[in-house]
Each structure stands twice: as structure tokens, then as C-alpha cells.
A.B. asks: 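Have a look at the structure that comes next, please.
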Amino acid sequence: SGPQKVGVAMADITTGMNATIAILAALNHRHQTGEGQYIDISLLETQISVMANQNMNYLIGGTVPKGRGNAHPNIVPYQVFETKDGHFILAVGNDGQFEKFANIAERPEWATDARFNTNRARVENRDLLVPEIEAVTIKKTTAEWLALCQTVSVPCGPVNTIEQALNDTQIIDRGLVQSYPHPAGVEVKQVQTPIHYSVSKLQKTSAPPTLGQHSDDILKDMGLKSDQIASLRQKGIIN
């Protein structure tokens, strides 16, 4: 199907996260030395840096990674598999977990087959193994596979829609989604920061502002007078 883009602007998000780390480090440097500095960070370098193990596959191993969709380049099976009613992620991290999965899949011979009994062999023979696994996973529902894998501590997870993910009991218990009153007279739901502290308590903020809601306050803080702000608004420069 050709190269695929991810669902969100990962370069923008990860560059922002790296910028935050850089700012905090620069502030710490300033506290220690009294010296400030400029921060230079690019979208391109961030995109390259987050490829992590794929970079090292080339830099150390000399192997140019190929596109494998949802599959892991160095671990097999570690990807999405179709089930009777959807899909689930199977993340077999070692040979012991593979043997456990082979048993619950009622294919114990996989664990003793020289083509599959080590991760290295499974990577080399993924084109043989993956279709065999797919032929088995399609026979049970996602919930059934999750339950089976959990009984033997084989990492797995459902492939959720956004609706399913945001309504997951763990997400609800952690309070990731909160509602805020909006000036329009409605409640607006937002995803909170995923950061939690043992001591500091994050304050609930507010709903996103309406267009120009804070223009006056911001410009007054910048030193502009009311008549100057009114002039900017009259000229259509601000809302």
C-alpha cells in the first residue's frame, strides 16, 4: 500500500517535548552559572533522533531498515494480528514468552521448531511464522486472546478506536479527560497532561478561550493603553 503517515503531527509534538527538556536544562544551567543561552532545535533532527533502534540498525549493523507496517524490525512476533472481531497487538519479547504463546495458541510445536524457537530464527523466518499465527488468531475474538495472553503473562493489547481509548477504565480512573465550562454555555471536554506528581497537585485550568477573549489582558500587560487597543481592534488587527 506504499509509505504511510502516522495519524498525528509527531514531528511537531516531539520537537515541542524536546524543546521543553532543553528549556529546563538551560534554566538549570542558568541557576548554576548565571549565564543564559539560545536554544536551537529543528523538526528534521527530532524526526531522525526518535527513530532510535532503527537508526542503530543502520549505524551499527549496516542494515537499511525496510517498511514493515505494524511489525517490529528486531522482534517477532511483535505486531498487530487480526482476530475474529477486530485486531490485537501481540508483543512477544523473548523466547519464554513465545513458548507460552505457542501453548495457548494450541501450537506447542512452534516452540521446538528450529525455524521459530529463538527470536533470531523468528526474525529470519517471519514470512513463514506470521501467516501461521494469523491463521490461528482469526479463530478467536480480541477479548478471548487478551484473556488467554494475560493468564500466561504474554504482553498484548487491543487495537482501540479513539472512542474506546478515551473511555477505557484506566483512562477514566486516571482522570485524563476533564470537562470545563465554556463561555458559550456548554461543557468542553479536554485531554489533560499525562504527568502526575506525588506532592504537587496540578490545578484545573479552563476551557479554550474564544477568539480574542484575552486580547485586552495580554496587550495591557504589554503596556498598551485602552485607546491603543481600541485602535488596533478598529483596524481589524486584533479581535
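Keep in mind it's a predicted model, so treat the numbers as computed, not measured.
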A.B. asks: Same cluster for Met17 and Val8 if Ile/Leu/Val/Met/Phe/Trp/Tyr side chains link at under 4.5 Å?
C.D. replies: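 Yes; tracing contacts between hydrophobic side chains, which count when under 4.5 Å, links both residues.
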
A.B. asks: Inspect the contact between Asp227 and Lys225 and indicate whether a charged nitrogen and a carboxylate oxygen are less than 4.0 angstrom apart.
C.D. replies: no

A.B. asks: Carefully, step by step, assess Asp221 and Leu219 under the rule side-chain contact (heavy atoms from CB on, under 4.5 Å).
C.D. replies: CA-CA 5 Å; Asp221 286 344; Leu219 294 173; over 6 Å; no

A.B. asks: When you measure from the side chain of Asn125 to the backbone N and O of Leu128, does any donor-acceptor pair fall under 3.5 Å?
C.D. replies: no

A.B. asks: Kindly indicate whether the side chain of His72, heavy atoms from C-beta on, has any atom under 4.5 Å from the side chain of Asn53.
C.D. replies: yes

A.B. asks: Looking at Gln234, I want to see if its CD is surrounded by more than 12 non-hydrogen atoms of other residues, nucleotides or ligands under 6.0 Å.
C.D. replies: no

A.B. asks: Using the rule that Ile, Leu, Val, Met, Phe, Trp and Tyr join whenever any side-chain heavy atoms are under 4.5 Å apart, tell me whether Tyr58 and Met56 fall into a single cluster.
C.D. replies: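 The answer is yes; both residues are in one hydrophobic cluster.
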
A.B. asks: Once you round to the nearest 0.5 Å, how far does NZ of Lys235 lie from CD1 of Ile238?
C.D. replies: 11.0 Å

A.B. asks: Please check this pair: side chain of Arg122 against backbone of Phe116, looking for a donor-acceptor N/O pair closer than 3.5 Å.
C.D. replies: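 Here the side-chain-to-backbone pair exists.
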
A.B. asks: Spell out, as yes or no, whether a donor-acceptor pair under 3.5 Å connects the side chain of Asn167 to the backbone of Glu163.
C.D. replies: yes

A.B. asks: Looking just at side-chain N and O atoms, do Thr83 and Thr137 make a donor-acceptor pair shorter than 3.5 Å?
C.D. replies: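 No, Thr137 and Thr83 have no side-chain donor paired with an acceptor closer than 3.5 Å.
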
A.B. asks: Do Thr210 and His182 come within less than 4.5 Å of each other through their side chains, counting heavy atoms only?
C.D. replies: yes

A.B. asks: Give a yes or no on whether the backbone of Thr141 and the side-chain of Glu144 come within a donor-acceptor separation of less than 3.5 Å.
C.D. replies: yes

A.B. asks: Going only through I, L, V, M, F, W and Y residues with side-chain contacts under 4.5 Å, is there a path from Leu24 to Ile39?
C.D. replies: no

A.B. asks: Please say yes or no: joined through hydrophobic side-chain contacts below 4.5 Å, possibly via intermediate residues, are Val136 and Phe101 part of one cluster?
C.D. replies: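 Val136 clusters together with Phe101.
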
A.B. asks: Just one of Ile89, Leu90, Val130 clears the side-chain contact (heavy atoms from CB on, under 4.5 Å) bar with Gln79, so which one?
C.D. replies: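 Checked Ile89, Leu90, Val130 against Gln79; only one passes side-chain contact (heavy atoms from CB on, under 4.5 Å): Val130.
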
A.B. asks: Any salt bridge linking Arg107 with Glu132? Criterion: basic side-chain nitrogen under 4.0 Å from a carboxylate oxygen.
C.D. replies: yes

A.B. asks: Answer with yes or no whether the hydrophobic clustering places Phe98 together with Leu146; edges join I, L, V, M, F, W, Y residues whose side-chain heavy atoms lie under 4.5 Å apart.
C.D. replies: yes

A.B. asks: In terms of the angle between their ring planes, are Phe81 and Phe88 parallel, tilted or perpendicular, with boundaries placed at 30° and 60°?
C.D. replies: tilted

A.B. asks: With no hydrogens and no angle check, is any side-chain donor or acceptor of Glu106 less than 3.5 Å from a backbone partner on Asn103?
C.D. replies: no

A.B. asks: Roughly how far apart are Ser226 OG and Lys220 NZ, rounded to 0.5 Å?
C.D. replies: 4.5 Å

A.B. asks: Once you round to the nearest 0.5 Å, how far does OG of Ser215 lie from CD1 of Ile229?
C.D. replies: 8.5 Å

A.B. asks: Would you say the side chain of Ser179 lies within less than 4.5 Å of the side chain of Val188, judging by non-hydrogen atoms?
C.D. replies: no

A.B. asks: Closest approach of Cys149 and Cys156, non-hydrogen atoms and distance?
C.D. replies: CB-SG, 3.5 Å

A.B. asks: Closest approach of Pro181 and Ala207, non-hydrogen atoms and distance?
C.D. replies: O-CB, 3.5 Å

A.B. asks: Using atom types as modelled and distance alone, determine if a side-chain donor or acceptor of Thr33 lies under 3.5 Å from a backbone N or O of Glu35.
C.D. replies: yes

A.B. asks: Report yes or no: does Thr151 contribute a side-chain atom to a donor-acceptor pair with the main-chain N or O of Leu148 at less than 3.5 Å?
C.D. replies: yes

A.B. asks: Identify the two heavy atoms, one from Gln97 and one from Ala91, that lie closest to each other, and give their separation to 0.1 Å.
C.D. replies: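 Heavy atoms of Gln97 and Ala91 come nearest at OE1-O, 3.8 Å.
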
A.B. asks: When you compare the side chain of Thr142 with that of Val159, does any pair of heavy atoms fall below 4.5 Å?
C.D. replies: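 Counting from C-beta outward, Val159 and Thr142 never come under 4.5 Å.
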
A.B. asks: Show, in sequence, the C-alpha distance, side-chain angles and deciding distance for Val92 and Val154, and conclude whether the side-chain contact (heavy atoms from CB on, under 4.5 Å) test is met.
C.D. replies: CA-CA 6 Å; Val92 172; Val154 171; 4.2 Å; yes

A.B. asks: Test side-chain contact (heavy atoms from CB on, under 4.5 Å) on Asn117 and Asp95; report intermediate values, then the result.
C.D. replies: CA-CA 7 Å; Asn117 61 357; Asp95 297 337; over 6 Å; no

A.B. asks: Tell me if the CE atom of Met51 is crowded by more than 12 foreign heavy atoms within 6.0 Å.
C.D. replies: yes

A.B. asks: Closest approach of Gly223 and Gln228, non-hydrogen atoms and distance?
C.D. replies: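 In terms of heavy atoms, the two residues are closest at O-OE1, 4.3 Å.
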
A.B. asks: Do Gln192 and Gln178 have side-chain heavy atoms sitting under 4.5 Å apart?
C.D. replies: yes

A.B. asks: Rounded to the nearest 0.5 Å, how far does CD1 of Ile195 lie from CG of Leu202?
C.D. replies: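 Leu202 CG to Ile195 CD1: 7.5 Å, rounded to 0.5 Å.
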
A.B. asks: Are the side chain of Asn160 and the backbone of Leu166 linked by a donor-acceptor contact shorter than 3.5 Å?
C.D. replies: no

A.B. asks: Taking the side chain from Arg68 and the backbone from Pro73, do they hold a donor-acceptor pair closer than 3.5 Å?
C.D. replies: no

A.B. asks: At their closest point, which heavy atom of Thr161 faces which heavy atom of Gln164, and how far apart are they?
C.D. replies: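 Shortest heavy-atom contact: N-OE1, 2.8 Å.
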
A.B. asks: Within a 6.0 Å radius of atom OH on Tyr180, are there more than 12 heavy atoms belonging to other residues, nucleotides or ligands?
C.D. replies: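 Buried by this count: over 12 neighbours within 6.0 Å.
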
A.B. asks: Quick one about Asp173 and Gln170 (side-chain donor to acceptor, distance below 3.5 Å, no hydrogens or angles considered), yes or no?
C.D. replies: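 Distance-only check fails for Gln170 and Asp173.
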
A.B. asks: CD/Gln37 to CG/Leu27 distance, rounded to the nearest 0.5 angstrom?
C.D. replies: 9.5 Å

A.B. asks: Looking at every heavy atom in both Ala11 and Leu43, which two are closest together, and how far apart are they?
C.D. replies: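 Heavy-atom minimum between the residues: O-CD2, 3.5 Å.
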
A.B. asks: Any sub-3.5 Å donor-acceptor pair from Thr46's side-chain atoms to Ser42's backbone N or O?
C.D. replies: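 Checked: pair present.
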
A.B. asks: Looking at Asp40, I want to see if its CG is surrounded by more than 12 non-hydrogen atoms of other residues, nucleotides or ligands under 6.0 Å.
C.D. replies: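 Result for CG/Asp40: open.
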
A.B. asks: Does atom CD1 of Ile162 have more than 12 heavy-atom neighbours, drawn from other residues, nucleotides or ligands, at distances under 6.0 Å?
C.D. replies: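 No, CD1 of Ile162 has 12 or fewer neighbouring heavy atoms, counting only those of other groups under 6.0 Å.
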
A.B. asks: What distance do Ile138 atom CD1 and Trp145 atom CH2 have between them, rounded to the nearest 0.5 Å?
C.D. replies: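 CH2 of Trp145 is found 11.0 Å from CD1 of Ile138.
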
A.B. asks: I want to check something: taking the side chain as every heavy atom from C-beta on, are Asp216 and Arg233 in contact at a cut-off of under 4.5 Å?
C.D. replies: yes

A.B. asks: Decide yes or no for Glu99 and Pro108: does some side-chain heavy atom of the first lie under 4.5 Å from some side-chain heavy atom of the second?
C.D. replies: no

A.B. asks: Show your reasoning for whether side-chain contact (heavy atoms from CB on, under 4.5 Å) applies to Val123 and Ile75.
C.D. replies: CA-CA 6 Å; Val123 170; Ile75 307 173; 5.8 Å; no

